[in-house]
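For ligands, and for the atoms within them, numbers begin at 1 and follow the listed sequence. Quick caveat, the model's predicted, so the values are computed rather than measured. We number each residue from 1, following the sequence as shown.
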Amino acid sequence: MALTGLEIYKHLPKTNCKDCGIPTCLAFAMKMAAKQVALEKCPHVTEAGKAALESASRPPIQLVVIGTEQAEVKIGNETQLYRHEEKFYRPTAVAIRVSDALDGKALAERLEAIGRLSFERVGTRIRAELIAVDNVSGDAGKFERAARLAAEQTGRACVLISARADHLKRAATALAGRRPLLYVSDPAQAVAAAQVAKDQNCPLAVRAEGLDALAELTPKIAAAGVEQIVLDPGTRGLKATLEALTRIRRLALKGFRPLGYPAIALTADPDPIMQSIEAGTYVAKYAGIVVTDAVEPWQILPVLATRQDVFTDPQKPVAVEPKLYAVGEAGSDSPVLVTTNFSLSYYSVEGEVEASRVPAYIVSVDTEGTSVLTAWASDKFNAATITKALKNAAVDQKVTHRKLVIPGLVAVLSAGVEDESGWSVQIGPKEASGIPAYLKKQWKA
Ligand code: SF4
């Protein structure tokens, strides 16, 4: 468990010298407990104090870095069991598995298919960022060739999966400098694989049958010189894996160091729909990495969308910049629609305008990232804020008409907006899905 400010304070020099840039040692301790300052900022803390404060400065779940530069992926460093208590920091990395038993052409096609799995959602591009190369063939040469092709063709970081430490060594050497995650699936090979991971400067994932065996294994891996460890509790199947992931997270947050590492979960169900459900479940609770065979867009998009939702800050609404947006070749006679700057509201409207193929302007009003009805109820989406947004965006210089489409849910605002802005208000549909029909059949400049 993280220490409180007062517990940290006991181990500080208590001289209030201000060398850390903070007026008092107590204030420093409080900031440190809130993770706003690192212990290194105090140059006077004793070695004994440092040792005692290790649990306050070291995260309960080790940070693990896979890949380098553009392909770098970080997992771990989480501090919460429940997202609403603070937030989750490191989005689960999604790895799509490829078998080294595929022939060259089939492997290249599968990698190409994975490369196409990239989607735009609420203004952000989402994709699976890892390729998991599985040594299904049991052949070291095939494993090395597949690893090399996966890394070079996709440019993404890799997870190298094998039961044998010597096979991992050969593939990792081929990817030298790319920092793949080495995953040794045979617990008996784990210590040998740790030596490979240490020599290649790679993180290591280890598997053991159950949490007790895992807790016994990780100190041996750490003693071999590998700090960045990923845990596989050896379970397969949704219920057992979910239980194991939850127990690992709980124990890690309680300060149980042998399990203070991110976890990896492998989907196992042969059913394609269950592959997607399994992966999405592990993203939500509490995998650092999910390895899946799901390679169809309909399988992987729900997993990535779940990740995007779970790893937003629950205290900070996802918002777009409040301004004027043009959709298509909008011109002087194009419709002008108004909505809030809540991402889901804005992108729902934008998506439907695009689908209508009627070029239009959208004015996004600053409602601090709240949706139409919430913003209206809290008086952030009203005649004054809509008029201000119209003026700030200089919409009157873009169109020659003065007609504004407001959401049907807030039709009650129409008279006030007309009075305040001087624009004529038209009541749009209540749901964004009604926009295409509305723009095609009802709207007139
Ligand atoms: Fe206290 Fe250390 Fe800051 Fe000085 S530098 S005020 S001793 S915390």
Side-chain angles (χ1 to χ4, degrees), residues 1-69 72-93 179 197-198 201 203-204 215 218-219 221-231 247-263 286 288 310-317 368-369:
M1 287 282 270
L3 299 183
T4 65
L6 286 177
E7 286 167 334
I8 294 169
Y9 177 68
K10 285 181 202 160
H11 301 284
L12 294 178
K14 305 183 191 69
T15 57
N16 299 334
C17 70
K18 302 184 180 61
D19 287 353
C20 56
I22 295 170
T24 64
C25 293
L26 183 59
F28 181 94
M30 293 302 176
K31 279 185 178 282
M32 193 172 152
K35 303 182 193 73
Q36 292 167 351
V37 66
L39 182 60
E40 293 73 48
K41 290 281 178 192
C42 172
H44 308 300
V45 68
T46 62
E47 286 306 315
K50 269 185 201 163
L53 288 169
E54 189 212 18
S55 63
S57 54
R58 187 185 149 185
I61 299 174
Q62 173 74 43
L63 178 72
V64 172
V65 182
I66 306 162
T68 55
E69 298 175 356
E72 186 178 272
V73 176
K74 291 181 177 171
I75 56 170
N77 250 7
E78 296 294 350
T79 57
Q80 302 303 321
L81 188 63
Y82 301 112
R83 172 178 172 266
H84 60 264
E85 287 181 344
E86 193 174 306
K87 68 172 190 174
F88 295 159
Y89 285 90
R90 304 274 178 203
T92 305
R179 202 176 161 78
K198 183 167 183 266
N201 190 27
L204 179 68
T218 55
I221 305 302
V226 178
E227 278 185 10
Q228 298 196 10
I229 301 170
V230 178
L231 309 174
R247 287 181 64 204
I248 289 173
R249 173 65 68 93
R250 280 182 188 277
L251 288 165
L253 294 182
K254 283 183 177 167
F256 185 59
R257 286 295 178 202
L259 296 182
Y261 303 96
Y286 287 102
V310 169
F311 286 86
T312 53
D313 186 343
Q315 288 154 34
K316 218 185 272 177
E368 298 171 14

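- Qualifying side-chain contact (heavy atoms from CB on, under 4.5 Å) partners for Ala93, counting only residues two or more places apart in sequence or in other chains: Val73, Ile75, Glu129, Leu130, Ile289.
- Here Asp313 pairs with nothing under the side chain to side chain donor-acceptor pair (under 3.5 Å) rule; sequence neighbours left out.
- Excluding waters, the set of protein N, O or S atoms lying under 2.8 Å from atom 4 (Fe) of ligand 1 comprises Cys17 SG.
- The OG1 atom of Thr218 sits 11.5 Å away from the CZ atom of Arg257 when rounded to the nearest 0.5 Å.
- The backbone N or O of Arg90 lies less than 3.5 Å from a partner atom in the side chain of Glu78, making a donor-acceptor pair.
- Of the inter-residue distances, the one linking Thr24 atom OG1 with Lys14 atom NZ reads 12.5 Å to the nearest 0.5 angstrom.
- Remark: Phe311 pairs with Phe88 by the ring pair (Phe, Tyr, Trp, His ring centres under 6.0 Å) rule, at least two apart or across chains.
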